[in-house]
Enquirer: 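Have a look at this one.
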Amino acid sequence: MLIVKIEGMGCARCVTRVTDALKTLGLSEFSVELGSATIERCDDVEAVRSAIESLGFEVTSIEGN
């Protein structure tokens, strides 16, 4: 499980945008809330970082494996 800390998220629309970005990566088991995302299984951590940061948010940490 990965815990992704995200700065710059301030509203429900931000949550929706991050959710949609993670779906485009083919991830299905995850949850997103203001300031973080929890991903059950992920083989490409850098793709997650890139997808979130391409929306204008900052990934401050990714913990887990």
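On a predicted model such as this, the values are computed, not experimentally measured, just so you know. Reckoned from all heavy atoms, side chains included, excluding hydrogens, waters and symmetry mates.
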Enquirer: Nearest 0.5 Å, what's the CG-CZ distance between L2 and R41?
Expert: 12.0 Å
Enquirer: Between atom CD1 of I52 and atom CD of E7, what is the distance when rounded to the nearest 0.5 Å?
Expert: 13.0 Å
Enquirer: Report the distance from atom CZ of R49 to atom CD of E58, rounding to the nearest 0.5 Å.
Expert: 9.5 Å
Enquirer: Rounded to the nearest 0.5 Å, what separates atom CG in L55 from atom CZ in R17?
Expert: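 Result: 5.0 Å between the selected atoms.
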Enquirer: Examine V32 and M1 and state if one hydrophobic cluster contains both, with Ile, Leu, Val, Met, Phe, Trp and Tyr joined whenever side-chain heavy atoms are less than 4.5 Å apart.
Expert: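 Unlinked, V32 and M1 end up in two clusters.
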Enquirer: Do the side chains of V48 and L27 get nearer than 4.5 Å, heavy atoms only?
Expert: yes
Enquirer: Rounded at 0.5 Å granularity, tell me how far CD in E40 sits from OG in S31.
Expert: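 Interatomic distance, E40 CD to S31 OG, rounded to 0.5 Å: 7.5 Å.
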Enquirer: I'd like to know whether I39 forms a side-chain contact (heavy atoms from CB on, under 4.5 Å) with V4, so could you lay out the CA-CA distance, the side-chain angles of the two residues, the decisive distance to 0.1 Å, and finally the verdict.
Expert: CA-CA 8 Å; I39 304 168; V4 183; 4.1 Å; yes
Enquirer: Can F57 be reached from I3 by stepping across I, L, V, M, F, W or Y side chains whose heavy atoms are under 4.5 Å apart?
Expert: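 No, separate clusters.
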Enquirer: Stepwise, does the side-chain contact (heavy atoms from CB on, under 4.5 Å) test hold for V18 with L22?
Expert: CA-CA 6 Å; V18 171; L22 295 178; 4.2 Å; yes
Enquirer: Looking only at heavy atoms, which two atoms of G8 and C14 are closest? And how far apart?
Expert: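 Heavy-atom minimum between the residues: O-SG, 4.3 Å.
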Enquirer: Quick one: closest heavy-atom pair of L25 and A51, and the distance?
Expert: CD1-CB, 4.0 Å
Enquirer: If only atom types and distance count, is the side chain of S50 paired as donor or acceptor with the main-chain N or O of E46 below 3.5 Å?
Expert: no
Enquirer: Using 0.5 Å steps for rounding, measure from the SG atom of C42 to the CD1 atom of I62.
Expert: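 These two atoms lie 8.0 Å from each other.
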